[in-house]
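Chain letters run A, B, ... following the sequence lines, proteins first and then strands; every chain starts at 1.
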Number of protein chains: 2
Amino acid sequence: MPCEQCPLRGMSGFRDFTDQELRFVSSFKRGELVAEAGSTILSEGAHSPHLYTVLSGWAFRFKTLPDGRRQILNYLLPGDLLGLQGSIMGEMEHSVEALTTVVLCVFQRDKLDSLFEGYPGLGFDVTWLAAREERMLDEHLLSVGRRTAVERAAYLLAFLHSRAEALGKISYKSLHIPVTQQHVADTLGLSIVHTNKTLRKLAERGLIQWLDRSCEIVDAEGLRALADWEKPKERKRPLI
Amino acid sequence: MPCEQCPLRGMSGFRDFTDQELRFVSSFKRGELVAEAGSTILSEGAHSPHLYTVLSGWAFRFKTLPDGRRQILNYLLPGDLLGLQGSIMGEMEHSVEALTTVVLCVFQRDKLDSLFEGYPGLGFDVTWLAAREERMLDEHLLSVGRRTAVERAAYLLAFLHSRAEALGKISYKSLHIPVTQQHVADTLGLSIVHTNKTLRKLAERGLIQWLDRSCEIVDAEGLRALADWEKPKERKRPLI
DNA sequence: CGTTAGATTGACCGTCCTCAAGAAGTGTGG
DNA sequence: CCACACTTCTTGAGGACGGTCAATCTAACG
């Protein structure tokens with residue numbers, strides 16, 4: 001049974017809930033939160049009492065060094081869980097900021113225990129999402145550690161394209177990635193100047209087109225080939 | 001009640017099992033596996049039918065690009081879970097290699113469902129461990145993306161020291177980290193030559209001492225200061 | 001119409017890489 | 001016991017990749 005309460009209902013490949021689970025998820029919910037583009041959703045060090053699911057929009061997780069250097073860790077798209085680390089470890093170790101207007105579904109953190117107790121299927125789903133996040137971080141780390149600037153940029157854009165595409169049929173009309181070159185730089189571990197020159201090379205090759213504050217993917221296959229990266233096969237995934 | 005079957009029993013800060021859980025974990029177990037230093041425990045692409053816990057020794061997780069460039073993602077120490085990604089996503093996306101002789105506790109993958117169903121506390125623990133791994137990867141990514149070579153090396157060694165120390169009272173006599181400079185290079189995303197020169201600087205500052213195939217931490221506090229990194233407060237942690 | 005954020009470009013410089021060679025330690029076989 | 005291969009660590013030289021500084025351009029916005 002598709003989740004009636006959820007704007008994501010009917011998304012292909014997503015998990016359906018049983019009636020029982022549906023009732024629980026419903027009681028677990030505490031409403032919605034809307035974050036404007038550029039606003040901070042969660043801050044490092046916060047003891048947030050909530051757990052969130054992204055319903056729509058783009059956001060990103062990041063950490064900063066004391067002197068201000070920033071590293072973007074991953075991007076959040078509809079269906080992604082947010083604040084699990086804070087819920088489980090007690091304190092957020094990273095911050096989250098909205099790239100576009102983001103709508104979040106708010107859950108009560110203290111009900112997480114009863115989720116595991118009463119609804120093992122949902123508990124497994126949370127773990128599934130955590131394992132998926134880990135897999136993405138593994139890939140980012142490989143990229144930042146071992147790829148050249150051009151390869152890194154190609155990988156990142158192919159990766160984001162692939163994620164958006166998996167949701168795209170219903171949530172997005174065009175696959176424009178809503179980031180500035182500063183975001184790309186902070187994701188790749190490069191300076192903004194070098195990032196600009198690198199993106200320019202990709203544009204000259206006809207792989208992308210840079211628009212104002214966003215990137216249009218022209219040739220996703222070409223980007224993947226350049227980065228020597230394979231798109232993960234999207235299979236049925238859970239959704240809380 | 002401490003886990004009687006487990007060599008790690010009695011380790012301070014570790015979770016105790018209830019009688020019921022203990023019986024389940026016992027039935028979950030399929031025996032032990034010993035891997036020699038340098039041997040591959042799991043390979044990328046493998047559909048491993050098992051899930052493992054490290055009982056003793058050091059190992060590391062890594063990914064490689066098609067042309068051979070290697071990135072070490074994280075290190076595995078006693079108490080760490082191994083193969084969860086494979087269990088949940090179906091296929092391993094990284095490889096695991098032993099640094100020293102490693103003893104693993106082997107679990108049946110297909111019992112993972114019944115773990116979540118019958119033992120929510122244990123299910124929660126698995127998620128706890130996944131969230132912890134994610135936190136470590138976040139830190140590594142920040143380091144590789146935004147720290148300088150010297151800072152990166154200092155962070156890595158302080159990090160490994162901190163992890164070993166948390167287990168050290170009982171498992172290790174000395175805190176020698178069993179890696180070659182090639183391992184350090186592949187973790188930091190640097191060449192072996194530059195890694196050598198960087199480690200040399202740390203040694204000249206009296207922070208470490210490089211021995212044959214291992215590193216002795218002389219001044220952990222100094223390393224942390226150099227990397228501007230804070231040791232995570234170790235709290236009670238679960239263990240499966 | 002000035003202000004601001006983002007994108008762009010050139011010049012110069014430093015970090016880090018590659019190539020190359022050698023030293024020291026370990027294991028193997030003759 | 002020695003010769004040889006192999007791995008790990010070390011060091012120097014030259015060059016490429018990417019960083020910093022600085023100036024310019026554009027579009028959006030009040």
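Geometric assessment of A:Arg147 against the ring of A:Tyr155 yields a positive cation-pi assignment under the 6.0 Å and 45° thresholds.
Look at B:Asn196 and you'll find a side-chain N or O under 4.0 angstrom from OP1 or OP2 of D:dT10. Contact annotation: B:Gln181 reaches the phosphate of D:dT10 (side-chain N/O to OP1 or OP2, under 4.0 Å). Taking side-chain N and O atoms only, A:Arg200 has a distance below 4.0 Å to OP1 or OP2 of C:dT9.
Ranked by how close their nearest DNA chain D nucleotide is to the 5' end, A:Val150 and B:Ser214 are led by B:Ser214. Positionally, the nearest nucleotide of DNA chain D for A:Arg147 lies more toward the 5' end than for the other of A:Val193 and A:Arg147.
The interatomic distance linking A:His183 (NE2) with C:dG6 (P) rounds to 8 Å, in whole Å. Put simply, CG on A:Leu99 is 12 Å from P on C:dG6, counting in whole angstrom units. One can place CG of A:Leu199 at 9 Å from P of C:dA7, the figure rounded to the nearest angstrom. Atom-to-atom, CZ of B:Arg152 to P of C:dC17 comes out at 8 Å; the value is rounded to the nearest Å. A:Leu188 has its CG atom 11 Å from the P atom of D:dG18, to the nearest Å. For the pair A:Leu211 CG and D:dA28 P, the interatomic distance rounds to 12 Å; values are reported in whole Å. Between the CG atom of B:Asp186 and the P atom of D:dC9 there is a distance of 12 Å, rounded to whole Å. Distance CG (A:Leu190) to P (D:dG18): 7 Å, rounded to an integer number of Å.
Residue-level contact check: B:Ile192 touches neither bases nor backbone, having no heavy atom under 4.0 Å from any strand. Among the protein residues, B:Thr180 comes within range of the sugar-phosphate backbone only, with heavy atoms under 4.0 Å from sugar or phosphate atoms but none that close to a base. At the heavy-atom level, B:Gly189 lies under 4.0 Å from the strands shown only through sugar-phosphate atoms.
At a threshold of 4.0 Å, the pair A:Arg146-B:Asp67 does not count as salt-bridged, since none of the basic side-chain nitrogens sits closer than that to a carboxylate oxygen. A salt bridge does not link A:Lys201 with A:Glu204: none of the charged nitrogens is closer than 4.0 Å to a carboxylate oxygen.
Side chain of A:Arg213, nearest nucleotide from C:dG6, C:dA11, C:dC19: C:dG6. The side chain of A:Ser191 sits closest to D:dG19 out of C:dC19, D:dG19, C:dC17.
Residues B:Pro232 and B:Glu139 fail the side-chain proximity criterion, which asks for heavy atoms closer than 4.5 Å. Using a 4.5 Å heavy-atom threshold, the side chains of A:Arg61 and B:Asp138 count as touching.
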